Protein chains: 2
Amino acid sequence: MAGNAARASDPDSFRRAKALVHRIVAERHDRPSLVAEIACEVGAEIIEGVRAPGDDLNSVELSKRFSTSRTPIREALMLLEKEGLVDVPPRKRPRVAVPDLQDIREIYRARAALFELIAADVARSASEEGLERLRSRFAEMQAAHRAGDVNAFVWANVDFYDQNTLLANNRTVKRILDSLLLRTARLRHLSLSQPGRMARSCDDHARLLKAYEDRDATLAAALIRSNHINALAALETYLASVAEQPRG
Amino acid sequence: MAGNAARASDPDSFRRAKALVHRIVAERHDRPSLVAEIACEVGAEIIEGVRAPGDDLNSVELSKRFSTSRTPIREALMLLEKEGLVDVPPRKRPRVAVPDLQDIREIYRARAALFELIAADVARSASEEGLERLRSRFAEMQAAHRAGDVNAFVWANVDFYDQNTLLANNRTVKRILDSLLLRTARLRHLSLSQPGRMARSCDDHARLLKAYEDRDATLAAALIRSNHINALAALETYLASVAEQPRG
DNA sequence: CCGTTCCAATGTGTCGACAGATAAGCACGA
DNA sequence: TCGTGCTTATCTGTCGACACATTGGAACGG
């Protein structure tokens, strides 16, 4: 595939982003598919910040870059629009979506509501094997925290949540949550970069695991809600600070 | 009489279905758009049961019918797939989606969780003018109930819920709920056709309005949840009965 | 009669081309 | 300097065509 100019400095994180987009956006295209390949590459670039919100994504340029016609490009962009990463206005050029603060608040609230459902179900019905997988993901989060590696923490966190949605065995909700996750993936490391956030998040998740082990669905749901509220608050703090001093 | 064929003969219901699909699937295509027109027509046909789950939707046939090339057809089908009405496997022919019982349960649970959010927000912050609009929609539901017109009741109910999501001023959640609504639109008639369901639903909605007027967010959320649980139960009862005696 | 193997018919994914819409550049006037 | 209107360049939506995958069905053998 076409070499990409100013790629994010962390190639491993980019690879993870690409895999995430593939899992969510192209889960059905198991065989190598042109559209899936394009969608994953462009989607990962958006998540990793290689392409900033508002950047132009016109199909002519992309078709040159990927050496294809515009048809598969258009289809890939529509897939990304479905996940909220791209904005494709009729008769105008597609752009990287520009989520405003209200969007972000709405996404976090929706995520919280649906994840409460998931967490309650996990608490009620997860197998010991499933809980073990959750513990393993949590251990990765802790390791990343100790290492002070925000990127690794973010991806371990993504894995942790993914495991949750898998255990709840609810495809519909999982699909929605995955889509909401993609929209905020770019922002997650900002939120978790806030001082003390990683430690707090580790605490929250430890308690969540405990609630799961105790089969306490109510507590698990409440913890999930609390975690989302905290994450949003940290994000709002960060966004307010960069809004005040853009060159901070 | 399963009602599928019968519903197709109600042109007003079909018109409403088309408008619903347009609002949800093609909200951005304000100007007459080829793709939007196709998507609305086919989407309405699916909702109204003209096309049964599993029916073939190959792009060649559709392109003949709409006198276009296959490109806009494919795009329209992708729009409908986004809303869960159509299934487009790679390299295979698109089909009308076939939701199984688990899908339906998941959808109702997800809807309930998100609508609790909406209802709580409406209870907290709806204007008197907004509440008045809700009352007006509710009056239509009551009128349809008195007239014993299930079709009219269903559409008034759709309007009522739409007004709720508007009042909560949460585009993200509204989008998700609209999509989930489309998936089950075809089933709503069945659920509300169950004996006593319309009366029960009227009761529930009267109490919901009361909770709104009292600004009781907790009660509003609980009522919404209860209403969804009841609707799902009615639907399951119906589905179980047709499963036992398919030719009943 | 049923299950396989193979072939023809049909449909999908992709392509390059075109008309018309949008955006970028430029000249002009305040 | 900036805004305004025109011109040109570029992009989008749609089209018909092609190679290849899938599907339906016939011929064959058990």
Side-chain angles (χ1 to χ4, degrees), chain A residues 1-2 21-22 25-43 45-46 51-82 85-98, chain B residues 21-22 25-43 45-46 51-82 85-98:
Chain A
M1 296 305 107
V21 177
H22 185 90
V25 103
E27 52 184 334
R28 315 192 50 176
H29 298 66
D30 36 355
R31 284 165 293 187
S33 148
L34 188 48
V35 170
E37 175 61 30
I38 297 167
C40 294
E41 184 78 22
V42 175
E45 288 175 8
I46 294 171
R51 296 182 182 268
D55 275 8
D56 207 279
L57 284 173
N58 80 70
S59 59
V60 172
E61 180 188 306
L62 287 171
S63 70
K64 283 176 191 160
R65 172 169 155 208
F66 287 99
S67 306
T68 66
S69 74
R70 290 196 308 90
T71 309
I73 301 286
R74 280 170 54 84
E75 189 170 328
L77 290 176
M78 287 171 61
L79 284 182
L80 294 176
E81 185 188 34
K82 176 157 80 179
L85 292 180
V86 168
D87 190 37
V88 187
R91 288 269 169 208
K92 291 185 186 170
R93 300 175 189 170
R95 297 177 166 282
V96 177
V98 188
Chain B
V21 177
H22 185 91
V25 102
E27 52 184 337
R28 314 192 51 175
H29 299 68
D30 36 356
R31 282 164 296 186
S33 151
L34 188 49
V35 171
E37 175 60 31
I38 298 167
C40 293
E41 186 75 23
V42 176
E45 287 175 7
I46 296 172
R51 294 179 182 271
D55 274 8
D56 206 280
L57 284 172
N58 79 72
S59 59
V60 171
E61 180 188 307
L62 287 171
S63 69
K64 283 176 192 160
R65 169 165 159 212
F66 288 98
S67 305
T68 65
S69 73
R70 290 192 306 118
T71 311
I73 301 285
R74 280 169 55 83
E75 191 170 334
L77 290 176
M78 286 172 61
L79 284 181
L80 294 176
E81 185 188 34
K82 177 157 81 179
L85 291 180
V86 169
D87 191 36
V88 186
R91 287 275 170 199
K92 291 185 186 169
R93 300 177 190 166
R95 296 177 166 282
V96 178
V98 188

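Nothing here was measured: the structure is a model prediction, and the numbers come from that model. Within every chain, numbering begins at 1; the chains are lettered A, B, ... in the order of the sequence lines, protein sequences first and strands thereafter.
Contacts with DNA chain C (heavy atom under 4.0 Å) in residues 85-96 of chain A: A/Arg91, A/Lys92, A/Arg93, listed by number. A heavy atom closer than 4.0 Å to some atom of DNA chain D occurs in A/Arg70, A/Arg74, these being the qualifying members of residues 67-75 of chain A.
Considering every non-hydrogen atom in both A/Ser63 and A/Val60, the closest pair reads OG-O, 2.7 Å. The shortest heavy-atom contact between B/Gly43 and B/Val21 is C-CG2, 3.9 Å. Annotation for B/Pro53 and B/Val96: closest pair CA-CG1, 3.7 Å, computed over non-hydrogen atoms.
Over its full length, the helix from C/dC1-D/dG30 to C/dA30-D/dT1 turns its helical axis through 30°, comparing axes from the five pairs at each end and rounding to 10°.
Judged as a salt bridge (charged side-chain N to carboxylate O under 4.0 Å, His left out), and not counting sequence neighbours, the contacts of A/Glu81 are B/Arg28. For B/Ser59, the side chain to side chain donor-acceptor pair (under 3.5 Å) partners two or more places apart in sequence, or in a different chain, are B/Arg70.
Within the model, atoms CG of B/Leu85 and CZ of B/Arg51 stand 12.5 Å from one another, a figure rounded to the nearest 0.5 Å. Going from atom CG of B/Asp55 over to atom CZ of B/Arg95 covers 8.5 Å, rounded to the nearest 0.5 Å. The CG atom of B/Leu80 sits 8.5 Å away from atom CG of B/Leu57, with the distance rounded to the nearest 0.5 Å. Put simply, CZ on A/Arg93 and CD on A/Glu61 are 10.0 Å apart, with the number rounded to the nearest 0.5 Å. Here the straight-line distance linking atom CD of B/Glu37 with atom SG of B/Cys40 works out to 6.5 Å at 0.5 Å rounding.
Rounded to an integer number of Å, the gap from B/Met78 CE to C/dT14 P is 11 Å. The separation between A/Asp56 atom CG and C/dA23 atom P is 10 Å, rounded to whole Å.
In this structure, A/Leu62 and A/Ile38 have side chains that are not in contact, with every pair of non-hydrogen atoms separated by 4.5 Å or more. Counting heavy atoms from C-beta on, the side chains of B/Asp87 and B/Val98 never come closer than 4.5 Å. Looking only at side-chain heavy atoms (C-beta outward), A/Met78 and B/Arg74 stay at 4.5 Å or farther from each other.
In 5' to 3' order, the nucleotides of DNA chain D bounding all contacts with chain A (an atom under 4.0 Å from a heavy atom) are D/dC11 to D/dT22.
Contact check, B/Ser59 against C/dT12: a side-chain N or O comes under 4.0 Å of OP1 or OP2.
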